Each structure stands twice: as structure tokens, then as C-alpha cells.
Number of protein chains: 2
Amino acid sequence: MDAEARRREIAEAVWRVVRRDGVPGASVRAVAREAGTSMGSLRHWFATQDDLLVFAMTLVQERARARVLAVVSAAGPDTTRGLRALEEVLPLDDERRAETEVWLALTARALVDPRLAALRDGSAEDLLALCALVLREPGALRPGLDPALEAERLYAVLDGLALHAATRPAALPADRAREVLAAHLGSLRDTR
Amino acid sequence: MDAEARRREIAEAVWRVVRRDGVPGASVRAVAREAGTSMGSLRHWFATQDDLLVFAMTLVQERARARVLAVVSAAGPDTTRGLRALEEVLPLDDERRAETEVWLALTARALVDPRLAALRDGSAEDLLALCALVLREPGALRPGLDPALEAERLYAVLDGLALHAATRPAALPADRAREVLAAHLGSLRDTR
DNA sequence: CCGTTTCTAGCACGGGTGTGCTAGCTTCGC
DNA sequence: GCGAAGCTAGCACACCCGTGCTAGAAACGG
């Protein structure tokens, strides 16, 4: 088996454990058990537990990034393209919900883990840039609005919705989150 | 010493530890050391570690709630009162930054801890209600806007800004967060 | 076929964990 | 003064933790 694929398999086991038992439950032993292998084998692929968590978070970000890029780089102009790109980081289905939960757990841990903090900062910059990019689409931003401030505000809406939809899905169902995001973009659009 | 005061003292020790070392660092021993007491004594006030965390989070919420209420219930009409009330839950100074960090850490843990989840849900409802209340002030919401949706959107902006200001203070300084929040409320206001 | 590399399994160590428990100290009410 | 209640200190237990290490299996190149 390809080495990278093996590492990805293990990282996915990390996600499952983190979703079930949180980051504290993601011990080396638990991950090995979840991945159906032994501690020794796992340690061959990841030297330390920290490497494991860092890789798991990297993978979450790469997957989200790939989905966003696929939407953004779709050919042809499309007024809903920005919305659809941003929706890729909302927990609208099970896959994205898992990603958001892992992201939240690791974001909290990043408060005391420098390596995770660096990862988090990188993805935050990416997302802020994405927001700015979406607002640069023709007609997306009504004249008179401050692009930098609106990017920051859109980013806040995006992460706020992701947070609420992930932590309290009953109070903010997927469709509702999408609706609020669409309304936000609509309120910025040039309506002439 | 008053019993409740003693419990509060210990809870504040929990905050200090959580801020320094994260929730994983908040072991019974570490908290006892931080509070300048012994494990046995600490266990007299809190039977289990879970009780400790639950009480610490309850206290965070109560403090924020008290601050918000103080602003909201201030006498006389005031167009900036809503803004100032919402600002009370943003990490704009050290005290509120500490609260936000603890809130974030415990929100993440609430994904796998039912008692903390219940607390989180309660405070989320409070905050959503606060957003709705702020938007009900005369002139706060331009005719034609959907109050429920706007409350949800405002709540997302609020938590998104809190999250970003707490995790990446360099990228989103306190003043900037306040500015974005003010701009959001401004964009909803009746400008006639 | 054999040597080498890659990978797996599992043990052992030192240390930290939450919690149960008891013995002693302090602080009251009377 | 004295008993009782409230409080503190600290030990002990069983458990889980990350990691270092070694022995062996498997895969592969020649």
C-alpha cells in the first residue's frame, strides 16, 4: 500500500475517535485500536502523538480546501458560485460536519499547542482570503462598502454559522445555515 | 469564609489553569496547586473533576450574563445600548478574553460531555435571545428584514468575531472586532 | 535463493490521572 | 471546656498515558 494512503487511513481513524470521544480520547492506543493496528505499527508512521494530531488537522484542511477550489475554479461566471464555495466549509452534510467538529476540537487545543496554532492560522488566512475573493466577484459588493471590513464580517458570519450548526444542529439546521449565509451575501450585493 | 466564595476562588484557579495549559491541563492536582490548597480539600468542594469544570463554565456564563444585563437594563433609550451590550461578550479586554478562551475550550469539550453541552445550549439560547432583543430596539431593524433570520445572522457575527478575536488577536484586534460589529448593526438600522 | 529494507506487534518503563479513604486540624455552638 | 461539625492534608489504589525498544514477519531487489 502507498505510504501516504496508509497515513491518511490512520488520520481518518483519528477523526472517528475525535468525533466519538473528543481530542482527549484520541490516545495513541485508542487510535491504533480504531485503525485496527498496533501501537508499534502506528508509531512507525507517526513518531509522536502530536504528529498524529497535526497530520489529522492538515488533512481536514486540505480536503476542505480542495472542495472549495473545485467550486471556485469552475468555468464560467455564475452569481451563486461564491455562495456555493463558502458553503463547502459549512457542516451541511455528515462529511463536512465531521470536519467541522474536528476543526473545532483542534482549534480549541491550538490555544495551548503551537504547532496546531500555526495550522489554524494558515487556514484562517485562507478562509479570509476566500471571503475577500468571493466579494470581488462582479456585483457581489455594493459600491460604498468597505471591502476589507466586509471580508472580515463575512468571515465572522461563516465561522459563526459553522460553529452554531456544528454544536447545535437542532437549533440551526443545515438549510437554515445556508439560508442565513445566502441572505448575508444578498444584503451586500449590488441591487441596481 | 463563605462557602460560595470559596468555590468561586477555586473556579477562578480553574480558569487560570485552563488559559495556561488548556482543559487537558486542568487536572485535579494542577487546580489544587494553582488554588494553593490540597487535593483532599478541593474534593471537599467539588466531588468530581466534572463538577469542577461545570461550575467553572457556569461562572463564566454568569459573569458575562451579569455584565450584559447591567448594560441592557440601563435607564433611558440609547441607540448604542444594543451595541454595548453585545460588546460585553466579545474578548475586548483581558478579563473578557479569558472568559472567551475558557468558553471556547469548554465548548469544544461539550461535544463529548453532556453536562457541558447542556450549559452551552443554555447560554446559546440566551445569546440568541439577546440578539433578538437588541434588534427589537426602535429603529434597529429596517422594515422588510426578517427579525428571526437577522437575529441568527447577528448571533453568527457575534460568535464569529469572538472566535476570531480570541484565537487570532493579532489578525483581529479588539477595536477592529468592535468596528465590524458596529458596522453590522449599522447595516441593519433604519436609515430614514 | 538470500540479504536488506520496510513494516508490525507487543512489552516495559516512568509518570500522571481521578477518586476513595482516613487521620488530624480548626472553628464553631453550648 | 468540650463535643461536634466543617474543613484540610495527604496517602493509596487501580488505571491509562506516551514513548523507547527489540524481535520477528513481510515485501522486495538482486
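Note that this is a predicted model, so its numbers are computed, not measured. By convention in this document, chain letters (A, B, ...) are assigned in the order of the sequence lines, proteins followed by strands, and residues within each chain are numbered from 1.
A sub-4.0 Å separation between OP1 or OP2 of C/dT17 and a side-chain N or O of B/Ser27 is present. Taking side-chain N and O atoms only, A/Thr48 has no distance below 4.0 Å to OP1 or OP2 of D/dG18. A close approach under 4.0 Å does not occur between any side-chain nitrogen or oxygen of B/Arg33 and OP1 or OP2 of C/dG16. Look at B/Trp45 and you won't find any side-chain N or O under 4.0 angstrom from OP1 or OP2 of D/dG6.
Residue-to-nucleotide proximity on DNA chain D shows that, of A/Ala47 and B/Ser41, the 5′-proximal contact is made by B/Ser41.
At whole-Å resolution of the value, CZ in B/Arg43 and C1' in D/dC13 are 13 Å apart. If you take CG of B/Leu42 and P of C/dT19, they are 11 Å apart, rounded to a whole angstrom. Here D/dC7 presents its P atom at 13 Å from CD of B/Glu9, a figure rounded to the nearest Å. One interatomic measurement links the two molecules: CG of A/Asp21 to C1' of D/dC17, which rounds to 15 Å at whole-angstrom precision. Taking atom CG on B/Leu53 and atom P on C/dT19, their separation rounds to 10 Å, with Å as the unit. If you measure from atom CE of A/Met39 to atom P of D/dG18, you get 8 Å, rounded to the nearest angstrom. With rounding to whole Å, B/Arg7 atom CZ is found 15 Å from D/dG6 atom P. A straight line from CZ of A/Arg29 to P of C/dC13 spans 14 Å, rounded to a whole angstrom.
Side chains of B/Arg7 and B/Phe46 form a contact here, defined as non-hydrogen atoms less than 4.5 Å apart.
When each of D/dT8, C/dT19, C/dT8 is scored by its nearest atom to the side-chain atoms of B/Gln49, the top-ranked nucleotide is C/dT19. Comparing C/dT19, C/dT8, C/dC11 by their nearest atom to the side chain of A/His44 picks out C/dT8.
Between A/Glu88 and A/Arg63 there is no salt bridge, since none of the side-chain N atoms of the basic residue sits less than 4.0 Å from a carboxylate O of the acidic one. Here A/Glu87 does not pair with A/Arg96 in a salt bridge; the nearest charged N to carboxylate O distance is not below 4.0 Å.
In this structure, B/Arg97 places its CZ atom where more than 12 heavy-atom neighbours from other residues, nucleotides or ligands lie under 6.0 Å away. Other residues, nucleotides and ligands place no more than 12 heavy atoms under 6.0 Å from the CZ atom of B/Arg65.
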